[in-house]
Colleague: 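Attaching a single structure in C-alpha cells format; questions to follow.
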Amino acid sequence: MTLLAEVVFPLPLNQSFSYIVPAESAGPAKPGVRVWAPLGRKTQLGFLVAVRDLGPDDVRLLKEIAMIIDPAPVFSASTLALTFRLSQYFFSSWGELLQAALPPSLEIKTKAKVRLTESGLEALRKRTLSKDERKAADALGRNAFTILHLRRTTSLKTMAALIARMAKKGLVQVVEETVRPKKIPSAPSERARPMQLELDFTIEPAVRSALEAMRGPLEEKRFAPFYLYGGRTARLGVYGPLIRKVISMDRQVLVLVPEMAASGPLRESLEKRLGETVAFLHGQMPEGAREREWQKIKSGRTRVVVGPRSALFAPLASAGLVIVDEEHDDAYLQTERPVYDARVGARFMAVDHGALLVFGSDVPTVEAFHEARSGGYLLALPGDDERRRVEIVNDASERGLLARRFHDVLRTNLRPGRSGIVFLNRRGYASFLFCPRCGYIPRCERCDISLMYYKKEERLVCRYCAAARPRPRSCPKCGNRVMEPRGAGVEAVEEELRRLFPGTRVSGFDSDRVRTKAAREKVLRNFEGGKIDVLVGTQMLAHQAGLPPAAWVGILNPEALLAFADFRASQRTFQAVHRMMRFAAPAEAGGEIVIQTAFPEHHSIREAARQNYEAFFEQEIRFRRLMGYPPFAAMAEIVLLGREERPLAQKARELVRRARTCGGDIEIFGPAFAPSSLLKGERGIQVILKSRANEKLDACLAECLGTSGTKRSVTRYG
DNA sequence: AGCACGCCGACT
DNA sequence: GTCGGCGTGCTC
C-alpha cells in the first residue's frame with residue numbers, strides 16, 4: 001500500500017498538499033516532522049501533518065517527499081492540534097503557525113549567495129565588464145558570497161541593484177543556501193532554583209472564595225473557564241496559590257501577558273510568590289536565550305511560562321492552567337501573518353489539555369464580561385484602582401484649541417515639580433489642510449485619504465503610504481491664497497502651550513519624533529528627571545509602561561475614537577481614556593485629570609472618568625443587544641484587497657452570492673469600500689457577515705472563502 | 001510567497 | 001513588427 005503524507009508549508013496558503021512517502025522513509029514519516037518536498041519548481045521546507053493511505057480520490061499525479069528531516073516529530077500532537085484549530089478559525093496558514101511554534105535551533109534559514117556563471121567568468125577574462133561589474137566579479141572570483149559581504153568588500157553602495165542587473169544578463173547566479181542552524185549550547189541542567197518565597201498572609205475573602213470556586217475542575221483536571229474581574233494586586237493574589245496548586249499536581253502553567261514590557265514585573269512577582277524560576281519566552285529575545293528557555297520548558301524543568309501572545313506556542317507537555325492576564329488588551333491579536341488571537345488560542349489550548357482557563361482584568365472586553373457573567377464563571381475581586389480626581393470639560397462651544405477651563409487647569413498646575421502629560425491621538429500639526437473658499441482638501445493619490453500637515457517641515461504626508469510632498473502655498477484648485485489647517489495634532493498643541501505659557505518646557509512624544517528606542521528612553525528619562533514640564537503625546541505614549549505618576553494629565557478629544565464605524569468604538573474609547581488616566585497620580589497624592597471633549601455625556605467617556613467599568617458595561621451591553629452585535633452575534637469582516645476596483649467588485653459580488661447560499665441565518669452587509677484603505681496604494685472592498693451562531697458563521701466563511709485565492713483579510717469578532 | 005503564463009505600451 | 005510591464009492563477 002502506498003503511504004501518503006499531508007504536508008503544509010510556511011507560506012500564505014491555507015491548504016495542505018499530498019505526497020507519496022518513499023518506502024524507505026515510512027518509519028520516520030510521522031505527523032510533526034519537518035520535510036523537504038517539491039512544490040512548483042522549488043523544493044520547500046514543509047511540515048508533515050498527517051499520514052494516510054492512497055485513496056480513490058487521489059487521481060492526480062503525486063510527487064514524492066524529497067527528504068524527511070527529523071528522525072522524530074518536532075511538534076507534539078497538542079501543538080499540531082492547537083495550530084490547526086487556529087488556522088481553521090482565523091483562516092491563516094497552518095504552516096505559518098507551525099513555523100511560529102519552532103524553537104530557534106530548528107528554524108531553517110536560507111541565505112542568498114551570489115556566484116559568477118561561466119559567461120560571467122568569461123566576460124571577466126575578456127574584460128567586457130563595466131567598472132562596477134568588474135569590481136563585483138573580482139571580489140567574487142570562483143566563490144559564492146552574500147550581497148552583504150560583497151557590499152562590504154567592494155564598498156559599492158548599490159550592490160543589490162548591480163547584482164540584479166548582472167543576474168539578468170546571466171553574468172551571475174543567485175543561489176539560496178540553507179544555513180545550518182548554529183549549535184546553540186543547551187542550558188546547564190540546573191534544577192529549578194529555589195528562591196526566597198514571599199507568602200501572602202492576608203488572603204482576602206474574595207480571593208479565598210475565588211480559589212474555592214476553581215478547586216473542583218482543577219482537581220478533576222477538566223477544562224473550565226473563569227474570569228477574574230478585579231485589580232492587579234487581587235488577581236496576583238489568586239494566580240499565586242493557583243499556580244502553586246497546579247505545580248504540585250505536576251502540571252505546567254502558561255501565563256499570557258499583553259506586552260513584553262508588562263511581563264517583567266509580573267514574572268518577578270510570580271517568582272517571589274512561587275519560590276521558583278519562571279520561564280520567559282518572547283520572539284524578540286536573543287536566539288540563544290530563547291532556545292534555552294524553550295529547552296527548559298520542553299524538558300519540564302520549568303513549569304511556569306510567562307510571555308506575550310507568541311508564548312502560546314511554548315512546548316508544554318501538560319498544561320493544567322492557562323492564564324490570560326489583562327484580557328482586554330488588543331495586543332493579544334496578532335494582526336500580521338499569521339493572524340491569530342492568543343485569547344482564542346488560550347481557550348483551544350485549555351480545552352485540549354483539560355486545563356483551567358483564567359482570564360483577568362479590571363476593564364474586561366464587553367464580550368468576555370458578558371460571557372463570564374451569563375456563563376456563571378465571573379469571579380469578582382477587589383479593584384485596586386485608586387480614585388482619581390477628574391474633571392470633564394465640554395468644548396462644544398469653545399473656539400480655541402484648548403478650552404478655557406482646560407487652560408485654567410494648566411495654569412494652576414504649571415509650576416515647578418508638577419510635570420504633566422497631555423494626550424492627543426493625532427500626529428503632526430493638523431490632520432489636513434482645507435481651502436476655506438472652495439472646500440478643497442489635498443488627498444493622497446494612491447490611498448485616497450486626506451494628507452496630514454506638518455508645519456515645521458512644510459510638508460503634507462500620507463499616514464498610510466508615507467508619501468510626502470511640499471505644502472501648497474495656495475489652493476491648487478481655486479488659487480485661494482490661504483489653506484487652513486484643520487484637526488489639530490500634537491504639534492499644534494505644543495505650539496499653543498508654548499504660546500500660552502512662555503518658558504514652559506514642552507516636549508513631544510509621537511512616532512514622528514521619537515522613532516528609536518533610545519530616543520524614547522531619553523525623553524522619558526528627561527520627563528522623570530523633571531526636565532520637561534509638559535509631555536505631549538499620542539497613543540504611543542499611552543502604551544509606555546513604567547512612567548512615574550504625573551501631577552496632572554490632560555486628555556484632549558478622546559471622542560475621536562468614536563468616529564470609527566466599528567461596533568467596538570465605545571469599548572476602545574473607554575479603554576483608551578482609562579489607560580491614559582492611569583498616568584496621573586491618585587487624587588490623594590494631589591493628582592488631577594482634565595478631559596476635554598465634545599461628548600461629555602457619552603458613556604464611554606463619562607464612565608471612564610468615573611472609573612466605573614460596570615456602569616459602562618451596562619450601557620454598552622444594551623446597545624450591543626439592541627443592534628445585534630457581539631456578544632449577541634458572531635461577526636466576520638472580509639476585506640478583499642487589490643489594486644483595481646473593477647475585478648475587486650466582481651469578486652465581492654461573487655462572495656456575496658456565495659454567502660447568500662448559506663441560508664437565512666447569515667446577515668450580509670456590503671459589499672462596500674473598506675474604510676480607509678488598509679494597504680499602501682491598494683483598494684479594499686469589504687463584506688461583513690453576521691450570524692447568531694458562531695458555527696453557522698464558520699460554515700458560511702468556509703463556503704465564501706473556500707478556494708478563492710484572492711488577496712484578502714478576514715477578521716472575526718465574537 | 002514564488003513563479004509561469006498571458007495580454008497591451010515604447011522601442012531596435 | 002518585438003521586448004517587457006505586471007495582472008491572474010497554480011503549486012500535491
Side-chain angles (χ1 to χ4, degrees), chain A residues 1-23 25-26 29 31 33-69 87 90-100 102 107-113 160-161 163-165 167-170 173-178 334-339 446 640-655 677 679-685 705-714:
Chain A
M1 196 57 171
T2 311
L3 264 191
L4 293 190
E6 288 299 309
V7 175
V8 294
F9 296 94
L11 300 173
L13 292 169
N14 75 60
Q15 62 177 294
S16 69
F17 294 82
S18 308
Y19 290 90
I20 294 165
V21 177
S25 302
V33 295
R34 295 172 301 161
V35 300
W36 288 109
L39 183 70
R41 44 179 48 237
K42 286 174 109 181
T43 296
Q44 266 276 349
L45 169 74
F47 307 114
L48 196 161
V49 291
V51 182
R52 62 186 177 92
D53 289 326
L54 185 76
D57 300 339
D58 301 302
V59 283
R60 48 169 130 51
L61 225 53
L62 298 176
K63 292 183 183 171
E64 278 197 357
I65 282 181
M67 186 179 123
I68 292 182
I69 300 172
S87 77
F90 293 103
F91 298 88
S92 340
S93 148
W94 190 1
E96 286 184 329
L97 285 159
L98 283 169
Q99 177 92 325
L102 275 178
E107 281 168 14
I108 291 180
K109 290 176 190 138
T110 57
K111 220 185 233 175
K113 286 197 172 178
I163 292 299
R165 283 199 304 274
K168 234 174 196 175
K169 291 191 207 163
Q173 199 181 4
V174 181
V175 271
E176 293 285 327
E177 226 169 71
T178 58
Q334 170 139 83
T335 51
E336 274 153 41
R337 280 190 358 232
V339 168
R446 299 206 322 168
L640 302 174
L641 298 160
R643 204 175 280 235
E644 294 292 330
E645 271 169 20
R646 244 170 250 280
L648 269 186
Q650 181 66 42
K651 279 170 190 136
R653 276 195 297 275
E654 169 63 13
L655 198 153
S677 47
L679 279 168
K680 294 159 190 171
E682 284 197 317
R683 295 310 308 255
I685 292 187
L705 302 169
T707 49
S708 99
T710 325
K711 217 170 148 192
R712 74 204 173 196
S713 81
V714 183

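Numbers restart at 1 for each chain; the letters A, B, ... are given by sequence-line order, proteins then strands.
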Colleague: Could you measure the distance from the OG1 atom of T2(A) to the CD atom of E64(A)? Nearest 0.5 Å is fine.
Modeller: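 Output value for this atom pair is 9.5 Å.
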
Colleague: Please list, chain by chain and in numerical order, all residues satisfying ring-ring contact (aromatic ring centres under 6.0 Å, His included) with Y19(A), sequence neighbours excluded.
Modeller: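 Y19(A): no ring-ring contact (aromatic ring centres under 6.0 Å, His included) contacts found.
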
Colleague: May I have the step-by-step check of side chain to side chain donor-acceptor pair (under 3.5 Å) for S18(A) and R52(A), ending in yes or no?
Modeller: CA-CA 9 Å; S18(A) 308; R52(A) 62 186 177 92; 3.1 Å; yes

Colleague: If I take atom CG in residue L39(A) and atom P in nucleotide dA4(B), what distance separates them, rounded to the nearest angstrom?
Modeller: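 So the CG-P distance, L39(A) to dA4(B), works out to 13 Å.
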
Colleague: Heavy atoms under 4.0 Å, any strand shown: does L13(A) hit a base, just sugar-phosphate, or nothing?
Modeller: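 The residue L13(A) makes base contact.
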
Colleague: I need the CG-P distance between L11(A) and dC3(B), as an integer number of Å.
Modeller: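 Distance check: L11(A) CG to dC3(B) P gives 11 Å.
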
Colleague: Given dT11(C), is OP1 or OP2 found less than 4.0 Å from the side-chain N or O atoms of R60(A)?
Modeller: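 Checking dT11(C) against R60(A), no side-chain N or O comes under 4.0 Å of OP1 or OP2.
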
Colleague: Distance check needed: dC12(C) C1' versus L3(A) CG, whole Å only.
Modeller: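 Value for this atom pair: 16 Å.
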
Colleague: Send over the distance from L62(A) CG to dC10(C) P, rounded to a whole Å.
Modeller: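 Going from L62(A) (CG) to dC10(C) (P), I get 18 Å.
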
Colleague: Please figure out whether R337(A) or R41(A) has its closest DNA chain B nucleotide nearer the 5' end.
Modeller: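 On the 5' side of the pair lies R337(A).
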
Colleague: Heavy atoms, side chains only, cut-off 4.5 Å: are V49(A) and V7(A) in contact?
Modeller: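 A side-chain contact is absent here, since even the closest heavy-atom pair is not under 4.5 Å.
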
Colleague: Where the side chain of P12(A) is defined as all heavy atoms beyond and including C-beta, which of dC3(B), dT11(C), dA1(B) is the nearest nucleotide?
Modeller: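 Closest nucleotide among those given: dA1(B).
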
Colleague: Measure from CZ on F17(A) to P on dC12(C) and round the result to the nearest Å.
Modeller: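 The distance from CZ of F17(A) to P of dC12(C) comes to 7 Å, rounded to the nearest Å.
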
Colleague: Select base, sugar-phosphate, or nothing to describe what P10(A) touches, counting heavy atoms under 4.0 Å on all strands.
Modeller: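 No contact.
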
Colleague: So, using side chain to side chain contact (heavy atoms under 4.5 Å, CB included) as the criterion, who are the partners of P10(A) when residues are at least two apart?
Modeller: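 With sequence neighbours excluded, P10(A) shows a side chain to side chain contact (heavy atoms under 4.5 Å, CB included) to F47(A), Q99(A), given in chain and number order.
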
Colleague: Side chain of K42(A) only, please: which of dC12(C), dA1(B), dC3(B) is the nearest?
Modeller: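 The closest nucleotide is dC3(B).
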
Colleague: Report which part of the nucleic acid Q44(A) touches: base, sugar-phosphate, or nothing (heavy-atom distance under 4.0 Å, all strands).
Modeller: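 If one applies the 4.0 Å heavy-atom cut-off, Q44(A) turns out to touch nothing in the nucleic acid.
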
Colleague: Starting at CD of Q15(A) and ending at C1' of dC10(C), how long is that distance when rounded to a whole Å?
Modeller: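 Spelled out: CD on Q15(A) to C1' on dC10(C) is 9 Å.
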
Colleague: Return the value, rounded to whole Å, for the distance between atom CZ of F47(A) and atom P of dC12(C).
Modeller: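 That distance rounds to 18 Å.
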
Colleague: Can you tell me the distance, in whole Å, between the CZ atom of F9(A) and the C1' atom of dA1(B)?
Modeller: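 From F9(A) CZ to dA1(B) C1': 12 Å.
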
